Every structure is written in structure tokens, then in C-alpha cells.
Number of protein chains: 2
Amino acid sequence: MANIHDIAKKAGVSVTTVSRVLNNHKYVSEEKRIAVQNVIDEFNYTPNRNAIDLIRGETRQIGVIIPYNNNQAFDQMLHGILNKSIEHEYSVIVLPTTYDAKKELEYLSMLQTKMLDAVIITSRSNNWEAITPFTKYGPIISCEYTDFSEIGCSYIDRYTSYVEAFYLLKERGHERVAFTTAREMESKSTIQTFTAYEEVFGKPSGDYVIFNCYSMQDGYRAAQKLLHIKEKPTAIYANGDEVAAGIYQYAISIGMHIPRDVALLGQENQPIGEALAISTVDHQLIQAGEQAFELAIKKSKDKIKIPYQIIHRSSI
Amino acid sequence: MANIHDIAKKAGVSVTTVSRVLNNHKYVSEEKRIAVQNVIDEFNYTPNRNAIDLIRGETRQIGVIIPYNNNQAFDQMLHGILNKSIEHEYSVIVLPTTYDAKKELEYLSMLQTKMLDAVIITSRSNNWEAITPFTKYGPIISCEYTDFSEIGCSYIDRYTSYVEAFYLLKERGHERVAFTTAREMESKSTIQTFTAYEEVFGKPSGDYVIFNCYSMQDGYRAAQKLLHIKEKPTAIYANGDEVAAGIYQYAISIGMHIPRDVALLGQENQPIGEALAISTVDHQLIQAGEQAFELAIKKSKDKIKIPYQIIHRSSI
DNA sequence: CTGAAAGCGCTAACAC
DNA sequence: GTGTTAGCGCTTTCAG
């Protein structure tokens, strides 16, 4: 509707002066400032953000790449990011990929089109070689550790945490331990889980690992397999509390007792795990999200490690 | 970096021609089209979105007002909205209010600044009189029914659903029924719950209703009160499955059996409810979100009712 | 303290 | 088919 020229004309000043009062510049006489403000109020005028963004070359919008938006773990990181975005007056755009590498690249190119000031990657499909070129257009922050110096990281030291979790299970007397992972071997956290497992127990038997677990249902299905192996595992390390809950549910349904018949350890300290009293490794994802946001707006390439903690409940 | 002029100059054509190939206009000779495309590829050029948005007067960005971003119910709606946004090539900006009315108004004014093409309100703090003026700047869609003709609605018929839920409990022989709600009496769904309750059971006794329940912990605390009343309720209708899970957890912890000692009915068919086999009223929030998005981009002011369904499990 | 004017990067009449 | 040009709405030198 009304633009800055209309305001200027009506107030009998130049657009420059209007711009000055809009941006609280000094060197505007109180008289004109009031005159302009009156017209602004009268017209209920608000400056056009696109024009400002165009000229400033920034939008105060940051994008968050997540694979699924209905996954508790990513929601936690998003939660942390949103916390900080409000504090710093940024807007956040949610960019769900369903692990589609092409879509991920499209999202990254929103840096180049100047639509986004920065992007935070909570989980990725492309390799870093494909991602880093986009840092030329704006900061890219990862919630996973990477050596690439162009990428700032607010990361979880998953390897250490996995090793500790497996040792914990071992200490409790478990030798036959199974685990679930979110993705196949192309994912770093899956590989880390494997490596940590090997360090503690040696190479995992093929039927002790179940891939592609995201939801409770996936956990349920995993348990259907794991708990019917002849040499069935005495403990299961799930890659999330929802998955653990599914395992729990199935175990109970076939009359097993937890932890007597099978011990269960989850991840991320989600409400459902609390409800079922499942012990869990809390990677403090909210904090990871908050830190990621800070790195993003600072255009920092630091590598910040987020501490984890094990929460003991009654499932192991 | 490079802009459309650079491309034009390098390709030996006018900016118009470049713009034409960018937007797949016809009436560009194959020869020039190729020449331009080559330069575009060579420079890895992408048009600036702010410039385009400025001139077009739209951003293909829609905002979603939610109170909390870590609440399963709102996540479900957001999920539906994101589904459709990808399909239609829109971006979605998450706008968490924590029920701060002032912040909500600020978000609404993003329509006026032309930052957003539309906004979807999943839950509001302001009254409609304060909200409707913003429809002058762009479509506002509500996930709650309202008579205001300026507002499109993709709504749940909560009143009917609540009545049915309470009748169901009554049929099962329950006379002393308690319930939880998310907010105090200023919220429409709270009022609807009250009215529905009255229709079925008459005026609720004050200690049979617990306000401000959002999370499992809130449910736990609600149960701590409800299950220690002398005339304790024989059934509880929770305002979400997470809340129901908290109630479940506390009931179990004091040795009660569900549904024998207390029946439990949840809402929204969330994973946690499935895990605990809690019967639930599924308001199909994902679908509500999808429909809301469709209304938003169609600039429709239709009032669409989303059907609900009761899922029978073993908690009642 | 104030304003004219030159852009930011792009689209779309309009003319040729 | 193609190019010239006038904006979109704002910020920011640069002169007064």
C-alpha cells in the first residue's frame, strides 16, 4: 500500500528523513521526527522487508535442514534453534529432506539466492565435498563433527558416548548385546556405533544389528527379530527412546520382563522413555541446537563439543 | 556476486533475454537461449530471491504460529503443513509464541511487511478482533473454528468429539469422570470441553478438572491430585496422549491397574499412547495441517471440518 | 540536520 | 525475437 515516498510526501520531508526515523538515526530534528512518526502511525505503515533485505544483502532468516520433521531427536535440536532465534530476532525456516540428497542441495542453494543468511544441518545426505562449496555463500553449521574447516560444528561426541554405553552394558554382565541404528552404513553415526561396539565386544554378529529404525514401530519390528534369535541378545541399545519404547512394547507383549529377560538402553531422554522408565543416553540435543544457532549467526567455524550424560532408570 | 547484468553482458544479450531464459519464456531463439545458459552455468549464477520477491510482491513463504514447538500436537499439524509446502514449493517459517499475545501480533505483521504470503494459526492468544485486521495484508488460516468470515478454517469439530468421548465413557459405566485441559478458561477448546462435559455429566466438580497440561510431567502431576481425591474419578479424559501417559505412569506407580482402577482416554493418537495401549481420540492433526496449507495458498476463506476418529485400545 | 540521487537485482511493459 | 527502460521500496553516500 503506502510506501516510504507516500509517508515522506505526506509528512513534507524527504524519504531519507523517513528512513532515518525508521532506523532511529540521530541527526533528525525532534520536530520532523514527530511529524514523520505521526504520519507513520496514521497510515499504519510498515517498511517492506524485501526491499530492506535486497539492499542489505541479508534476511535474518536461517534454514534448518532436518531429515524428518516428525522425529523427536530432530525436534529437540529444532527446539534449541528456535529458542535462540527468538532471542536474536531471526526467523527459522524448516527444510525437511527425507534424506533426499538433491533436495538437500536445493536447500543449500538458498544461501546463494540470498534467501537465507545461514543454514544448520542436523543430518545430511550429501558428502562434505558436495556441501562445502556452498560455504562461499554463507555459513553452514553442522550438528555432526567434521574435519572440514569451512564447517562450524556443534556436535555430539557420539563415538565416546557409544563406547561408554556399551561398556556400561558390559559391566552389567551383558555379552550378547544388539543395537539399532537410524540408517545404513552410509551414515556416520551408524559407523560410529559399529566401531564403538567392536571396541567393546568385537565384531557384531549380523543379526544383532537392525538398520533403519526411527519410530516406535521400527523398534517393535526390530524386537520381533531380535527376540526370536536362538542366541537372543540379553541387552539392546536402541538409537532413540521411541525406538526403545517399541522394543519395550514388543518384549512386554510376549511376556518378557525388562530388564530381567532383556535389558534396554535408549537415547535422547525423550518423554516416552521417561514414561517407560527406560535408561537413556542424553545427548542434550536442545543444547546442541542452541549452540548451532549461535555459531551460525556468529559465522563461526568453531567445533564445539556438546556433553552427554547417562540417565539411569530401571531398564538395565 | 554476479548479477543478471553480468550474465547479459557476457552472453552478449540484454537482461531481458536473460530474464526470459531464466523464467522459461518462449520467444527466445534457441541460439541465444543456449548462449545465455552457458554463461549461467559458467558463472554458476542464481537469481537473487529478494529482488524477485520485491518485484513480485510475494515470497512463497508462509508462517505457522504455534505456541510451543516441543509439543506433539502442534508438531503433527506442522508436519502436515510441511508435507504440502514441499509439494507446492513453499517455505515455512515456524513462529513460536509461548502464548505471548504481543509476539503473536508481531508475527501477524510479517504479512504486512510482505515477508510472508500467508499465516496459519494453530493456536492463538489474541482475540479474533485483534487478528482479523491483518487479513487485509494476506490470508490467515485458523486450525480452530471461528465465525469471522475473513478467516479460513481447517478445524476440528472438538465439541462433537468431546461429547462423543464423554458419552463413550458414560456408556462404559463411568459417572465420576475427570479431565485435563491445556489452558485455562480463556481457551476455546477448554470451554468446549467444559460444555461437552456438562451436556453428558452435568457441571464438573472443581477438583475433577486440571488445567495447564501439556506434557507427560503435567499428566503425572494431574494424576497425583486426581487419584488422591476421596471420591476419586473412575475415568480420566486427558487432553493429549503425552498427558495421558503421565497419568498412566503415576497410576501404575501407586499400584493401580488401568482400566480396572481407573480408565484413561487420550487424544491425538501419538506414539506414546500407542506404546502404552491408551485408547485415544484421533483428531487427525496432520490432515488438519495439510488442509490448512491448501487453504492458505488458495487464499480461501472456507471452513473445512476435519473428521476425527476414536481408536480403541485397552485403557478404557 | 536534510535531501537528491544512485543504486540493490530483477521483471515486464513497450517499442522495434 | 530482442532490447530499452521504468520501476519494486528501501538505504546510503554525498552535497549542501
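Naming convention: chains lettered A, B, ... in sequence-line order (proteins, then strands); numbering from 1 in each chain. Quantities reported herein were computed from a predicted structural model and do not represent experimental measurements.
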Donor-acceptor pair under 3.5 Å: do we get one between A/Thr16's side chain and the base of D/dT11? no
If only side-chain N and O atoms of A/Thr17 are considered, is one of them under 4.0 Å from the OP1 or OP2 phosphate oxygen of C/dG3? yes
Indicate, with a heavy-atom threshold strictly under 4.0 Å, whether B/Lys26 touches base, sugar-phosphate, or nothing. nothing
Phosphate contact (C/dA12 OP1 or OP2) by B/Tyr27 side-chain N/O below 4.0 Å: no
Starting from C1' on D/dG9, measure out to NZ on B/Lys114 and report it in whole angstrom. 12 Å
Using a heavy-atom cut-off of 4.0 Å across all strands, would you classify A/Ile55 as base, sugar-phosphate, or nothing? base
With the side chain of B/Ser29 defined as its heavy atoms from C-beta on, choose the nearest nucleotide among D/dT2, C/dC1, D/dC10. D/dT2
Using a 4.0 Å heavy-atom cut-off, does A/Leu54 contact any base of the nucleic acid, only the sugar-phosphate backbone, or nothing at all? base
d(NZ, A/Lys9; C1', C/dT2) in whole Å: 19 Å
On the nucleotide C/dC10, are OP1 or OP2 found under 4.0 Å from the side-chain N or O atoms that B/Asn50 carries? no
Round to a whole Å and report the spacing from CD of A/Glu58 to C1' of C/dG9. 17 Å
Tell me which nucleotide among C/dC10, D/dT2, D/dC10 gets nearest to the side chain of B/Val28. D/dT2
Is A/Lys84 paired with A/Glu294 through a side-chain N to carboxylate O contact shorter than 4.0 Å? yes
When the distance from NE2 of A/His25 to P of C/dG3 is rounded to whole Å, what number comes out? 15 Å
Give A/Ser19 one of three labels, base, sugar-phosphate or nothing, depending on what nucleic acid heavy atoms sit under 4.0 Å from its own. base
Whole angstroms only, please: what is the CG-C1' distance between A/Asp53 and C/dC10? 15 Å
Charged N to carboxylate O under 4.0 angstrom, B/Lys103 versus B/Glu106? no
Does A/Ser109 use its side chain to pair, donor to acceptor, with the backbone of A/Gln112 at less than 3.5 Å? no
Please give, in whole Å, the distance from D/dG7 C1' to A/Ile4 CD1? 16 Å
Report the C-alpha distance between B/Ser125 and B/Asp100 in whole Å, list the side-chain angles of each, state the deciding distance to 0.1 Å, and finish with yes or no for side-chain contact (heavy atoms from CB on, under 4.5 Å). CA-CA 7 Å; B/Ser125 313; B/Asp100 174 340; over 6 Å; no
Calculate the interatomic distance between B/Arg56 atom CZ and C/dG9 atom C1'; express it in whole Å. 13 Å
Donor-acceptor pair under 3.5 Å, A/Arg20 side chain vs C/dG3 base: yes
B/Asn48 side-chain N/O to C/dG9 phosphate OP1/OP2 under 4.0 Å: no
Among D/dT11, D/dC10, C/dC10, the nucleotide that comes nearest once only the side chain of A/Pro47 is considered: D/dC10
Comparing nearest nucleotides in DNA chain C, the 5'-proximal residue of the pair A/Val13, B/Ala51 is A/Val13
Gap separating the CG atom of A/Leu95 from the CD1 atom of A/Ile121, nearest 0.5 angstrom: 10.0 Å
Within the structure shown, what part of the strands sits under 4.0 Å from A/Lys32 by heavy-atom distance: base, sugar-phosphate, or nothing? sugar-phosphate
Atom CE of B/Met77 and atom OG of B/Ser123: how far apart are they, to the nearest 0.5 Å? 7.5 Å
What is the distance, to the nearest angstrom, from the CG atom on B/Asn3 to the C1' atom on C/dC8? 9 Å
